[in-house]
Amino acid sequence: MSQTIATPPTIRLDSDVIGRPVSRTDGAAKVSGAAKYAAEYNVPNLWHGYIVSSPIAKGKITKIDAAAVLAIPGVQQVFSHENVPSLAWFDRSYKDDIAPGGSPFRPLHNADVLFSMQPVALVVAETFELARYAASVLRIEYAVDEDFNTDLEKARAAGKGFDAPKGKPGFLPPPKPKGDADKAFKAAPHQVEAAYTHHTQHHNPMEMFASTVEWLGDGKKLKIYDKTQGAGNTQQYISKIFGLSKEEAWVISKYTGGAFGSGLRPQYQSFLAVLAALELAHSVRVSMTRQQMFSMGHRAHTIQDLKLAADDQGYLQALEHHAFAETSQFENETETVVNWSGILYKCANTKFSYELAKVDVNTPADMRAPGAATGSFAIECAIDELAYKAGVDPLEFRRLNYTYRDPTEDKPFSSKRLLDCYQEGATRFGWDQRTPEPRSMREGNMLVGWGMATGCWDAAMQKTAAKASLTAAGHLTVSSATNDIGTGTYTIMTQVAAQTLGLPMADVTAVLGDTTLPPAPVQGGSWTAASTGSAVQAACQELGKKLLKLAQKMADSPLKGIAFEDVQFVDGHLRANEDIDRSVAIADVLATSGEATVEAESGAEPNPVNMLKYSMHSHNAVFVEVKVDEDLGTVHVTRVVNAVAAGRVLNPKTARSQVLGGTVWGISMALMEETFLDNNLGRYMNHNYAEYHVPVNADIHKIDVILVEEEDDHLNPLGVKGIGEIGMLGVAAAVANAVYHATGKRVRDLPLTIDKLL
Amino acid sequence: MNSFTLTQAAAADEAVRDFAGHAGAAYLGGGTNLIDLMKENVARPTHLTSLGHLPLGDISSLPEGGLRLGALATNADTAWHPEVEKRYPLLSQTILAGATPQLRNMATDGGNLLQRTRCYYFSDLATPCNKREPGSGCAALHGQNRVCGVLGTSESCIATHPSDMCVALAALEAVVRVQGPDGERSIKFEDFHRLPGNTPQFDNTLKAGELVTAIDLPAQGYASNFTYLKLRDRSSYAFALVSVAVGLEMEGNTIKKARFALGGVAHKPWRDPAAEQLLEGQPASPDLFRQVAAKVFASAKGYEFNSFKIELGKRAIVRALKQATEMSQPLDSNAFLNSNP
Ligand SMILES: Cc1cc2nc3c(=O)[nH]c(=O)nc-3n(C[C@H](O)[C@H](O)[C@H](O)COP(=O)(O)OP(=O)(O)OC[C@H]3O[C@@H](n4cnc5c(N)ncnc54)[C@H](O)[C@@H]3O)c2cc1C
Ligand code: SF4
């Protein structure tokens, strides 16, 4: 045996890229406009569909007079329930991968209007402008049904609540009760009993929902460029409804201009565009308007009642968390709202419930950190209130009630570095400089408040496949039908592949967003890095095995007889772990083999044993400074420290961006976001960017992101937890808690606008 | 959006004639408001008389010491004009508190005066709105009226005029110069916009076909003691919930002359001459300011979601008067904005 020399650790190889803050591989394409979105594929002979939305919330369409519209030169067709061909009959054909229980909304199905702004017709014309004009003169008559209710409070007062049923994938029903929460609450010296609410919020991604459907002319073959978080989900939805094969319903989704959950389920423009293309045997594009973006799913208006009690030392004695949320008349959209309280804190006496009430709006939808953003706002404000009552510092209070096991499932966490988040976050923020009394900190004539809160999110993973393909010229392509909704999936796929096969990133291309690629689930739930990353790694390892075999076939191969486990891929070479002199260049392997490409396909899925054994979650701690002009009721979030423990960080640059964006979302939820519902008309009224407020640059000040080191061998081969949603959690509560610290005023109804602080 | 014809007028009288010669005509300034309303089918002109080529973009001094703002001067050029910055800093500050740089680059001073309300219902054809469709009812009265007015409202309409710039122009007692089929005339700023009464479809007192050619500022610009305080839901790119423009002439701590106007509370920039008089000849004091604020809102009427504007408006007046008398730059909303370009 020859001598073994370890690679000196100071030398970083080009291929050693996991964990490095590399820039997005798709960055240049995005900023230069080369990245194409669904509505930007200008396929030849394209017609345009314009959606007509219902002006009423409930009732029936009694008459559609399309004759005048059809007489306009250039108008091709007006689609409505009157002329839609008979499509799939059963509800289940309309169920997409993310659908909750109930009957999914079927566009143009019959004369019923179920919610305001429901699509009731599609006008197709040769140009967009013409379609829009024609839609504006289409006369539709309605029989209005005045017996509707869009007001959740009213539904609650009328006793319309019912326990949220199972049915939606991933929904966890409330944890079972423990101990005697009533008794413990009554007996405890410090109690908090309060209701927390937020109102409807809409996702409002920049990119409007759009589908460009290219008629390929060959039978019923369609190429569907869709705005979605899951090309595969659109494909199965469309193919079931229209009876198309997978080849006929080919879905492409290369770039997504934000979605935040709104693109998990196929939206109605996909249905309408495919319908028109099939019926007219022509390419058609349908794009929503900004106003119509307010007709889709939304974060459900939710009322939460909390009852918490503690002893004099600050130990929790009782914890009750009850949520009451809206859903539509036709589906039971559910989120996991109350469970987070149970996961975060140790308490012997707990009680949970989660009820829904049906109102006449469209079905709510997952929106960034669905359920957790809702639940964490309430529990983290209530904890803050209780800490004050017990006379314990809010951070200390959380440490006192820290749990090393998940109390709701009675399992250990696969990893939980929340204490480090507290420690590192508090240090960076300077929490020890805080004076505990409300109204005790000032700067000039502004009140200053410091508040904090905790967040928790699932570390999930989904079955995903990927393919790796290496050309003789040495270029590696990795592919999967997954999406990149702006999170950086292209980049981390490239990193994982480069690292696994020891190639520089420049020699690797990632391909995604195409249903002809190996199947992947929707991008959501923060599971894509773990799932697609692991699948890419597995495919590259399979490819590596093939390369090793080819290398061993070479004459005088120095790798003869060596097992795959004993080989590493570094710097464009395969070499023995124990002896770097036993090495072959990948280029030589390919050249000698004579193969044009070497390919391998593989996949990854959650480890069922570990899933049973461990509770898997990411955590964060958020520290916020606000300045409040008390006379005028204005709040400015002047400083945020967000410390996140989310397993292994594949790319600190894209990860930080996710947490920054999440933090801004949290500030937005705390201070600005609300879709105003007119309950007389059953209609959302501020349906545009000028009146639905999200922060502008001037609202966002210093945000400090800490990525706390966390190792976890139980999750997935990469040790990744995902970071897309955790950054948002805790922020809204921390802002509300800081406002209380500044002013002594508890506002439990989001958003914290001027009128509530006067 | 309907089809329309368009003429590029080269002179004011040509524009007026072109407008008169086309039924269903509208003047087009920067288009930042009109085009949006056309896309929503709220405005349905069949002809546009485009003003972009009119030689009315200049800002020039007037013989009596005032300043003339051409109707086609952009909001941005006006705000950053050296004479405006020096002599009418209140106007500069006010314009810059509105919209966004991109919008201000397009928006004209004439168009700013004529922008339509931001009441949600006005731009949504699915809803009743007397201003859009006289006689259809006012959905805001019992609906989402958080952005609506509390002063001078009527059962027909409770909308506000959304402009920031006009609030300063009201305080500055500007004069609007117009040219119409019957010739030229001048309108005092306080007479330019009107209250809704039972004809809310009319925002102002312009006669059909009249073109705004200029806005004249009197010599007094209150450059020593002024403030514009705008309270809104975010730090930029949001209309005022309540705003106050103040111009004062001070002698020591005594207020010699006071002009102030409010935005976000009424169908027009709101002035209250009797309240201004309470200030004149008096030493500045918080008590006095509170008294003035109470007077302004004595007749206010709140609706379900906007009653807060009454209290907020009072506090805003007190704060704005304080800022203007002390010329202090407290850490308020505007100061935050300035520290974050
Ligand atoms: C998203 C958004 C946010 C905004 N935020 C603010 C804000 O915070 N504060 C604020 O003050 N404003 C705000 N604005 C409004 C903006 O200031 C106005 O749209 C702008 O001033 C209008 O000027 P314009 O030249 O573009 O008018 P146009 O859109 O061209 O015209 C508006 C109206 O004026 C008429 N008109 C135009 N010029 C003349 C003339 N010379 N004579 C007679 N009639 C004329 C037109 O026929 C039309 O009816 C905002 C606008 C938008 C779109
Ligand atoms: S307040 Fe005026 S603009 Fe608003 S709905 Fe009523 S009539 Fe229309």
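Protein chains get the first letters and strands the later ones, always in sequence-line order, with residue 1 at the start of each. Nothing here was measured: the structure is a model prediction, and the numbers come from that model.
Between the NZ atom of B:K39 and the CD atom of A:Q291 there is a distance of 9.5 Å, given to the nearest 0.5 Å. In this structure, the separation between CG on A:D631 and CG on B:L312 is 10.5 Å, given to the nearest 0.5 Å. Considering CD of A:E691 and CZ of B:R146, their distance stands at 10.0 Å, rounded to 0.5 Å. Note that CG of A:N445 is 5.5 Å distant from CZ of B:R319, once rounded to the nearest 0.5 Å. Distance NE2/B:H142 to CG/A:N679: 14.5 Å, rounded to 0.5 Å. In this structure, B:I310 CD1 and A:L758 CG are separated by 11.5 Å, a value rounded to the nearest 0.5 Å.
Between B:S235 and A:D699 the shortest heavy-atom distance is OG-OD1, 2.6 Å. Pairing each heavy atom of A:V694 with each of B:R234, the nearest pair is O-NH1, 2.7 Å. Residues B:G143 and A:D678 approach most closely at CA-OD2, 3.7 Å, considering heavy atoms. Heavy atoms only, all atoms of each residue included: A:H693 and B:A238 are closest at NE2-CB, 4.0 Å. Shortest non-hydrogen contact noted between A:L681 and B:A139 is CD1-CB, 4.3 Å.
In this structure, A:K58 places its NZ atom where more than 12 heavy-atom neighbours from other residues, nucleotides or ligands lie under 6.0 Å away. With a 6.0 Å radius and a threshold of 12 heavy atoms from other residues, nucleotides or ligands, B:M106 has its CE atom at or below the threshold. Counted within 6.0 Å of CD on B:E155, heavy atoms from surrounding residues, nucleotides or ligands total 12 or fewer; the atom is thus considered open.
We find that B:K309 and A:D755 are not joined by a salt bridge, their nearest charged nitrogen and carboxylate oxygen being 4.0 Å or further apart.
Heavy-atom distances place the side chain of B:L241, and not its backbone, under 4.5 Å from chain A. Both the backbone and the side chain of B:R118 come within contact range of chain A, each with at least one heavy atom under 4.5 Å from a heavy atom of that chain. In this structure, the portion of B:F239 lying under 4.5 Å from any heavy atom of chain A is its side chain and not its backbone. Contacts between A:N680 and chain B at a heavy-atom distance below 4.5 Å involve the side chain alone, from C-beta outward.
Considering only heavy atoms from C-beta on, B:M1 stays 4.5 Å or farther from A:E129 through its side chain. The closest side-chain heavy-atom distance from A:L632 to B:L229 is below 4.5 Å.
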Between B:D124 and A:M685, is the side-chain contact (heavy atoms from CB on, under 4.5 Å) condition met? List the steps. CA-CA 8 Å; B:D124 186 340; A:M685 288 313 305; 3.8 Å; yes
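Looking at A:T753 and B:D233, their side chains never bring a donor and an acceptor atom within 3.5 Å of each other. For the residue pair B:Y120/A:N688, the side-chain donor-acceptor check at 3.5 Å is not satisfied.
Across A:T289, A:V635, A:I56, A:L677, the residue that shares the most heavy-atom pairs under 4.5 angstrom with chain B is A:L677.
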